[in-house]
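Inspection log for the structure reproduced underneath, given as structure tokens.
To find a chain, count down the sequence lines: A is the first, B the second, and so on, and within it residues start at 1.
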Amino acid sequence: MATNAEAAEAFRDIADLLDVLGERFKPEAYRRASRSLESLTEDLRAIAGRGELRSIPGVGEAIAEKIEEFLRTGHIEYYERLKKEVPAGLLDILRLPGLGPKTARRFWLELGVEGPAELTAAIDAGRLNGVKGFGPKKIEQIRAALAAAKSAPASGRVPLEEAYPIAHRLLDGLRAAGGVEQLEIAGSFRRCRETVGDLDLLATSAEPEKVFDAFTHLPEIREVRLRGGTKETVLLTNGLQVDLRVVEPVEFGAALLYFTGSKDHNVHLRSLARDRGLKINEYGIFRGEDRVGGRTEAEVYSALALDWVPPEIREDRGEVDLAARHALPRLVEATDLTGDLHVHLPEDAGAPEVDRLLAHARSAHLAYLAVVVGGVREDGSEFALPARTVERLGGAGARGLRVGRAWEHDAEGRSSRARAHEVDLEIVRPTRDQRGPPTAPPLRGTSIAVAHVGGGEAAAPWIAWLRGTAGSIEIGPGPERIDSVAGRAALEAGVGLRVVTPVGRDPHDPTAPISLGFARRAGAEKKDVRNAAAAATVTRSWSAGRTGQSPTAG
DNA sequence: GCCGTTTTCGGCCCGACTGTTTTCAGTCG
């Protein structure tokens with residue numbers, strides 16, 4: 001859906017340009033529309049074809065027309081006009097940390113500065129000295145921002161799986177230092193967005209200063225950006241920004257809600273509050289001066305007559321209305337998972353690896369596992385686990401854990417697919433050049449699972465291939481699984497998801513929790529997740545009599 | 001420019017922090 005991303009980017013630029021021009025409310029309107037387009041699961045062309053553009057949140061008459069113009073001609077006249085009016089370099093200045101539209105506009109109109117290079121030159125020439133509102137500290141701040149942008153251009157957002165271990169190290173560090181009572185990560189991290197722009201930590205403590213001191217001295221922290229009585233902002237050694245706030249226990253729920261977002265979700269809640277004569281801020285929910293809630297998130301939702309909304313779906317895509325009607329989905333939970341349908345062992349695995357895997361599965365209360373016993377590597381060569389290893393896996397059944405044999409291969413070649421008939425589960429992945437699914441339909445008589453597909457547009461043909469079958473598609477972090485946006489598309493097509501479990505993985509591996517988070521973010525309920533179904537349902541087609549045989553033996 | 005279980009007009013979140021201020025403007029989330 002490259003089109004959606006391009007349109008979203010155009011509207012974001014329009015918002016910034018309007019900001020520099022000093023417009024009051026239009027920039028937010030365009031930004032809202034831009035965010036909406038980014039999170040669509042469907043191509044804009046299809047929506048426009050049905051004449052439903054205006055059903056997109058934040059898209060009204062004027063923006064719908066601009067989208068149609070963009071789809072028709074590839075450009076937006078209004079955007080082109082704004083670009084002629086405002087020098088392009090001003091957007092780069094605007095995006096420097098600490099600089100906003102007002103400042104960018106003043107540089108442009110008062111100093112004739114039209115880009116970062118000119119701004120640097122102006123500062124070096126001393127042209128900012130004595131200008132009202134620009135003291136030595138501010139000038140130094142701008143100089144530093146310019147230098148930082150030049151050496152490391154906008155680091156942007158970080159994949160969630162990359163931020164995950166860092167975030168947990170920060171939590172561990174803060175807890176170890178003492179003085180912290182409640183401690184949570186808020187922001188898009190808590191909503192399980194695919195990428196995070198920064199980390200928002202929220203704590204309660206009787207000794208905030210002690211907590212801030214401890215935070216400042218954690219090894220991951222490179223510099224302190226700002227520090228006040230309730231909040232500290234730091235930069236990590238890897239460039240990620242982290243905000244830590246310490247609040248009162250009676251405020252914790254309200255603050256957690258507030259800093260978890262999303263912004264659009266919060267705005268929606270606020271307008272509901274206003275309608276009921278209430279006011280929400282990060283300190284609580286109030287009727288006049290009276291606090292009516294705020295210790296927990298549920299208190300705040302409840303004061304608005306809403307059910308508590310899971311963070312993963314707080315995106316203002318209809319969840320507030322569902323919460324009001326007590327009709328929110330019951331999202332899939334870790335305890336719903338009955339087994340794992342895609343587990344790898346090392347190709348030379350022996351008894352110790354098998355025993356460790358099976359013990360792990362039992363301790364995680366899984367009832368079944370599908371283990372890849374052979375298949376085709378990415379380079380086209382075949383592999384199979386040693387026969388004795390497969391035999392040992394088969395022995396697990398006697399002790400209450402069903403083990404199925406999976407065959408993993410790419411979409412090419414019937415011969416390899418014929419082999420897949422001999423096992424319990426076929427796992428198909430695209431060829432390395434990301435060609436689509438096989439032209440032949442999924443095999444009968446064996447469960448199908450698709451892996452290593454990648455998110456975004458790459459997932460669409462695979463979702464179509466699996467439609468109407470018992471097949472499933474793996475959701476989770478990384479380029480090998482589909483993201484929550486593609487996950488939602490899969491659910492809309494009636495295709496089941498497969499959630500990664502911690503079994504067979506390192507304890508610090510964030511793949512499993514994030515996989516579950518993405519599934520929830522996609523709106524998946526227990527019924528939508530293949531490996532959350534009753535074990536008997538999942539393993540019905542597995543051939544118990546064949547366990548113990550190698551896949552090449554049949 | 002969008003939006004509406006009171007609205008087709010009149011709202012649009014709001015508080016912390018910083019730097020420059022002498023009471024506030026700008027940025028950020």
Side-chain angles (χ1 to χ4, degrees), chain A residues 11 14-15 17-36 53-67 78 82 93-107 128-142 145 186-189 196-202 208 212 224-233 241-247 251 254-255 257-286 305 316 320-321 324-325:
Chain A
F11 288 126
I14 290 175
L17 291 165
L18 289 170
D19 245 341
V20 175
L21 288 171
E23 286 279 355
R24 241 347 224 114
F25 295 104
K26 286 188 193 180
E28 256 321 291
Y30 277 99
R31 243 171 235 129
R32 169 96 212 275
S34 175
R35 287 195 298 269
S36 257
L53 285 177
R54 294 192 59 179
S55 69
I56 301 169
V59 175
E61 190 182 347
I63 292 183
E65 270 176 22
K66 291 182 178 70
I67 294 174
Y78 180 63
L82 288 173
I93 291 181
L94 180 64
R95 285 163 195 167
L96 292 172
L99 293 188
K102 298 272 171 50
T103 316
R105 182 178 167 82
R106 285 191 62 197
F107 287 150
L128 238 60
N129 301 339
V131 177
K132 190 163 170 253
F134 293 95
K137 277 190 167 176
K138 189 83 200 166
I139 293 175
E140 196 39 52
Q141 199 184 79
I142 297 169
S188 47
F189 185 98
V196 297
D198 61 10
L199 291 175
D200 297 290
L201 307 189
L202 194 63
F212 287 133
V224 177
R225 274 255 173 99
L226 58 88
R227 176 169 170 176
T230 63
K231 138 173 198 186
E232 176 169 352
T233 297
Q241 180 175 308
V242 186
D243 294 338
L244 170 66
R245 290 177 175 80
V246 179
V247 302
E251 304 163 346
L257 177 60
Y258 185 91
F259 291 109
T260 296
S262 68
K263 187 188 171 105
D264 292 331
H265 179 82
N266 286 353
V267 167
H268 198 150
L269 294 187
R270 269 204 183 81
S271 75
L272 277 187
R274 206 180 43 239
D275 294 348
R276 290 157 202 251
L278 296 165
K279 191 180 87 168
I280 308 178
N281 56 29
E282 62 259 59
Y283 302 110
I285 179 160
F286 301 88
D316 196 27
V320 177
D321 290 339
R325 305 202 320 263

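Across the interface with DNA chain B, nearest-nucleotide mapping of A:Gly100 and A:Val59 shows A:Val59 to be the residue nearer the 5′ end. Along DNA chain B, the nucleotide nearest A:Asp275 and the nucleotide nearest A:Arg106 are compared for position; the residue whose nucleotide lies closer to the 5' end is A:Asp275.
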Would you give a per-nucleotide map of nucleotides 15-20 of chain B, 5' to 3', where B means the base has a protein non-hydrogen atom under 4.0 Å away, S means only the sugar-phosphate does, and - means neither?
SSSSSS
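Taking the centre and axis of the six-membered ring of A:Phe11, the NZ or CZ atom of A:Lys66 falls outside the cone set by 45° and 6.0 Å. Seen from the ring of A:Phe212, A:Arg227 does not count as a face-on cation partner, given the 6.0 Å and 45° thresholds.
Here CG of A:Asp243 is found 5.5 Å from CG of A:Asp200. Values are rounded to the nearest 0.5 Å.
Near-neighbour residues of DNA chain B inside residues 22-29 of chain A, defined by a heavy atom below 4.0 Å, number-ordered: A:Phe25, A:Lys26, A:Ala29.
Annotation: A:Phe134 is in aromatic contact with A:Phe107 [ring centroid separation under 6.0 Å].
Side-chain proximity of A:Val267 to B:dG29, B:dG1, B:dC13: nearest is B:dC13.
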Start with the C-alpha gap between A:His268 and A:Asp316, add the side-chain angles, then the distance that decides, and say whether side chain to side chain donor-acceptor pair (under 3.5 Å) holds.
CA-CA 7 Å; A:His268 198 150; A:Asp316 196 27; 2.6 Å; yes
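At the heavy-atom level, A:Ile142 lies nowhere under 4.0 Å from the strands shown.
When the P atom is compared between B:dG4 and B:dC13, the two are found 14 Å apart, to the nearest whole Å.
A salt bridge is defined here as a Lys NZ or Arg NE, NH1 or NH2 lying under 4.0 Å from an Asp or Glu carboxylate O, and A:Glu140 with A:Lys137 fails to meet this definition.
Remark: A:Thr103 is in phosphate contact with B:dT27, judged by side-chain N or O atoms under 4.0 Å from OP1 or OP2.
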